[in-house]
Participant: 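Please find one structure pasted underneath; my questions will follow.
Every chain is numbered from 1, with letters handed out A, B, ... down the list of sequences. Heavy atoms only: backbone and side chains are in, while hydrogens, waters and symmetry mates are out.
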Amino acid sequence: MAKDFSTRAESYSEWYNELVTRADLAEQSAVRGCMVIKPYGYAIWEKMQRTLDQMFKDTGHQNAYFPLFIPKSFLSREADHVEGFAKECAVVTHYRLKANPDGSGVTVDPAAKLEEELIVRPTSETIIWNTYKGWIQSYRDLPILVNQWANVVRWEMRTRLFLRTAEFLWQEGHTAHATKEEAQEEARRMLDVYADFAQNFMAMPVIKGVKTANERFAGALETYCIESMMQDGKALQAGTSHFLGQNFAKAFDVTFLNKENKLEYVWASSWGVSTRLMGALIMTHSDDNGLVLPPKLAPIQVAIVPIYKNAEQLAQISEAALKIKAELQAKGISVKYDDDDKQKPGWKFNEYEFKGVPVRIAIGPRDMENGTAEICRRDTLEKSIHNQAEIGTLVPALLDQIQQSLFDRALKHRLDNTVKVDNWEDFKVQIEQGKFILAHWDGTTETEVKIKEETKATIRVLPFEYEAEEGKCIYTGKPSHRRVIFAKAY
RNA sequence: CGGGAUGUAGCGCAGUUGGUAGCGUGCAACGUUCGGGACGUUGAGGUCGCAAGUUCGAAUCUUGUCAUCCCGACCA
């Protein structure tokens, strides 16, 4: 009955939708390409949000909120930006409905046509920089370090639950600086924050680096990214941070007087991560039994399940269980004691496995006789028996261990599936096997595009960490000084 | 927008040569159970995606239409 979800590459829907459904995280909405995030899924997102939000604040940022609607003319101010997003925008053209004369529902009132159409934001650079114009006059007004938690809409032709939905939740940071260096530093700093979050909270190893010109954000001078490998070997872009130069300042005429009393355009960065991270989390750790959550992001870290035949036994077990629960909670661990009489222990075991709860503790009559409890860890499904008195000290250490071991396992998977390739035939073979390929590239967009056409492989990232090495482009044979990472991507 | 497939109970599906709809699971009640999704008995739940046509009669045949999924195109 095992469906081999965790490793099968070819069937996205079974691999992914099934796990999402079983873990009860999200479902398709009635609206095309949108999703309903269910309470348990949202609890995970909230935990991610809180963690990230604190990290932003620790790096000096503040939250703010900007409008959902963007006047059409704003979007077209920056040439590359509009070109990048024009094909996927939802447009508001009217502001009123009216009842049909024959009483059969409503129709759009043609009299209520907007003079200028409004775009539902696909990203907020334009509306924010239009606002920043009014906020910035002097170098004393800088930097502005603002983040927004919001939803955005991108009318993609093809959507995938969590990974590419028409509407998604995200945060977008938009910063304004007096110097180029400062803006670049900011973009790099936030990439580090993302990498920190991915690796230390999501237990998801990432490769930090820079995108090629071809894969760059529309309107950016440089796009930095964290790139991660999913269990089927495909790459997922987990977060991006952009150095925008003065492009948006020029487009929205945002200038300031510097210390030398000279008028200058403002320098910018923007950065964002989205509910796609939920997809990344699922696809990095899940196995055939369902979701596997890293302890630091699990809404429930420990579930305690009593096993009993009658009310008397339950009362005894509850006493022991609640003691353990209190002990763990005192250490900041979220614990659920599930004495729900409506479900059987076996059912609960499966349920918490679907939901990815890192540690499960079972206590039954046999344990009560011996003063013990059974601990099962979700990542390995190993069970062990311990004295009840030890649980309070054992579990915190175990949670740390699970967190680390999930990361180690994912990193090993990536390293095991990363290969250096030096000839084209080999490249085509390896890319089909879902590998990350380290190969030389001649640095041209032309070559990059041709490789993509022939193999569907894209250059995921030019890693910051690399060995300088003379070589020949995998495709054209032209000289190259370093290897870059090719892979198929979601 | 091109290629392919699918729409039948909450979910997953069957339904033969046209004869007025069934299985699994889930749901409700009761009893026995309870250390890995228990079992039995009873019960509730369906405009067969929508529309038109053929026919005495359509889930089934025809046409149209809508929706969803997969593969492309598209995609910080």
Participant: From the list B:G36, B:C34, B:G35, which nucleotide is the closest neighbour of the side chain of A:Lys344?
Facilitator: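 Among B:G36, B:C34, B:G35, the one nearest the side chain of A:Lys344 is B:C34.
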
Participant: Between B:C66 and B:U25, how far apart are the C1' atoms? Round to whole Å, please.
Facilitator: 29 Å

Participant: Please list every donor-acceptor pair under 3.5 Å in which a side-chain atom of residues 33-45 of chain A meets a protein atom from a residue at least two apart or in another chain.
Facilitator:
{"unit_1": "A:Lys38", "atom_1": "NZ", "unit_2": "A:Asp24", "atom_2": "OD1", "d": "2.7"}
{"unit_1": "A:Tyr40", "atom_1": "OH", "unit_2": "A:Lys355", "atom_2": "O", "d": "2.6"}

Participant: Is A:Glu432 paired with A:Lys488 through a side-chain N to carboxylate O contact shorter than 4.0 Å?
Facilitator: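 Looking at A:Glu432 together with A:Lys488, the answer is yes, because their closest N to O distance falls below 4.0 Å.
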
Participant: I need the A:Thr59 OG1 to A:Glu186 CD distance, nearest 0.5 Å.
Facilitator: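 Here the rounded value is 7.0 Å.
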
Participant: When all nucleic acid strands are considered with a 4.0 Å heavy-atom cut-off, which category describes A:Pro122: base, sugar-phosphate, or nothing?
Facilitator: nothing

Participant: Check this for me, if you would: do A:Glu319 and A:Lys323 make a salt bridge, where the nitrogen-to-carboxylate-oxygen distance has to be below 4.0 angstrom?
Facilitator: no

Participant: Nearest whole angstrom, please: distance from the C1' of B:C74 to the NZ of A:Lys452.
Facilitator: 9 Å

Participant: Tell me which pairs pass side-chain hydrogen bond (donor to acceptor under 3.5 Å, both in side chains) where either residue lies in residues 300-315 of chain A, with sequence neighbours left out.
Facilitator: A:Tyr308-A:Asp341

Participant: Could you tell me whether A:Lys383 contacts a base, only the sugar-phosphate backbone, or nothing, with contacts defined as non-hydrogen atoms closer than 4.0 Å?
Facilitator: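 Base contact - A:Lys383 has a heavy atom under 4.0 Å of at least one base atom.
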
Participant: With rounding to whole Å, what would you report as the distance between B:C61 and B:A67 at their P atoms?
Facilitator: 23 Å

Participant: Taking any heavy-atom pair under 4.0 Å as a contact, classify A:Phe243: base, sugar-phosphate, or nothing.
Facilitator: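 Here A:Phe243 touches no strand at all.
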
Participant: For the pair made of CZ in A:Arg160 and C1' in B:C74, what is the distance, rounded to whole Å?
Facilitator: 13 Å

Participant: Please enumerate all residues that pass side chain to side chain donor-acceptor pair (under 3.5 Å) together with A:His386, with sequence neighbours excluded.
Facilitator: A:Ser384

Participant: Any side-chain heavy-atom pair from A:Thr455 and A:Phe486 closer than 4.5 angstrom?
Facilitator: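 Counting from C-beta outward, A:Thr455 and A:Phe486 never come under 4.5 Å.
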
Participant: For the C1' atoms, the ones on B:G15 and on B:G64, what distance do you get once it is rounded to whole angstrom?
Facilitator: 25 Å

Participant: Just to be sure I follow the notation: if a pair is Watson-Crick (purine N1 to pyrimidine N3 plus N6-O4 or O6-N4) or a G-U wobble (N1-O2 and O6-N3), each under 3.5 Å, what dot-bracket string does RNA chain B give, with | for pairs to another strand?
Facilitator: (((((((..((((.....[..)))).((((((.....)))))).....(((((..]....))))))))))))....

Participant: Under 4.0 Å from any atom of RNA chain B, heavy atoms only: list the residues of residues 305-318 of chain A that qualify, in numerical order.
Facilitator: A:Ile307, A:Tyr308, A:Lys309

Participant: Would you say the side-chain atoms of A:Asn289 and A:Arg22 include a donor-acceptor pair closer than 3.5 Å?
Facilitator: no

Participant: Any carboxylate oxygen within less than 4.0 angstrom of a Lys/Arg side-chain nitrogen, looking at A:Lys211 and A:Glu227?
Facilitator: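 Yes.
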
Participant: With rounding to whole Å, what would you report as the distance between B:G4 and B:U65 at their P atoms?
Facilitator: 16 Å

Participant: Measure from CZ on A:Arg460 to P on B:C75 and round the result to the nearest Å.
Facilitator: 13 Å

Participant: Please give, in whole Å, the distance from B:G36 C1' to A:Gln343 CD?
Facilitator: 14 Å

Participant: Between A:Asp338 (side chain) and A:Asp340 (backbone), is there a donor-acceptor pair under 3.5 Å?
Facilitator: yes

Participant: C1' atom, B:G26 versus B:G12: distance in rounded Å?
Facilitator: 11 Å

Participant: Whole angstroms only, please: what is the CZ-C1' distance between A:Arg164 and B:A73?
Facilitator: 13 Å

Participant: From CZ of A:Arg22 over to C1' of B:G26, roughly how many Å is that when rounded to an integer?
Facilitator: 16 Å

Participant: To the side chain of A:Glu374, which of B:G35, B:G36, B:C75 is closest?
Facilitator: B:G35

Participant: Does A:Tyr490 reach the side chain of A:Gln237, with side-chain heavy atoms less than 4.5 Å apart?
Facilitator: no

Participant: Can you tell me, in whole Å, how much space there is between the P of B:A5 and that of B:U47?
Facilitator: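 Roughly 29 Å separates the two P atoms.
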
Participant: Would you call A:Ile207 and A:Ile226 a side-chain contact if the rule is heavy atoms closer than 4.5 Å?
Facilitator: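 A side-chain contact under 4.5 Å is absent here.
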
Participant: Determine, using ring centers only, whether A:Phe248 and A:His174 are less than 6.0 Å apart.
Facilitator: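 Distance test on ring centres: not under 6.0 Å, no.
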
Participant: Report the distance from atom NZ of A:Lys355 to atom P of B:G36, rounded to the nearest whole Å.
Facilitator: 21 Å

Participant: Enumerate the residues from residues 215-225 of chain A whose closest heavy atom to RNA chain B is under 4.0 Å, giving them by residue number; use none for an empty result.
Facilitator: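 Nucleic-acid contacts, sorted: A:Glu215, A:Arg216, A:Phe217.
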
Participant: When the distance from CD1 of A:Ile375 to C1' of B:G35 is rounded to whole Å, what number comes out?
Facilitator: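 Roughly 16 Å, once rounded to whole Å.
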
Participant: If I pick the C1' atom on B:U16 and the same atom on B:A29, what distance separates them, to the nearest angstrom?
Facilitator: 38 Å

Participant: Classify A:Arg360 by what it touches in the nucleic acid, base, sugar-phosphate, or nothing, heavy-atom distance under 4.0 Å.
Facilitator: base

Participant: Return the 5'-most residue of the pair A:Lys348, A:Arg276 with respect to RNA chain B, ranking by each residue's nearest nucleotide.
Facilitator: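 First, find each residue's nearest nucleotide; the 5'-ward one identifies A:Lys348.
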
Participant: Checking contacts here: which listed nucleotide (B:G36, B:C75, B:G35) is nearest the side-chain heavy atoms of A:Pro365?
Facilitator: B:G35

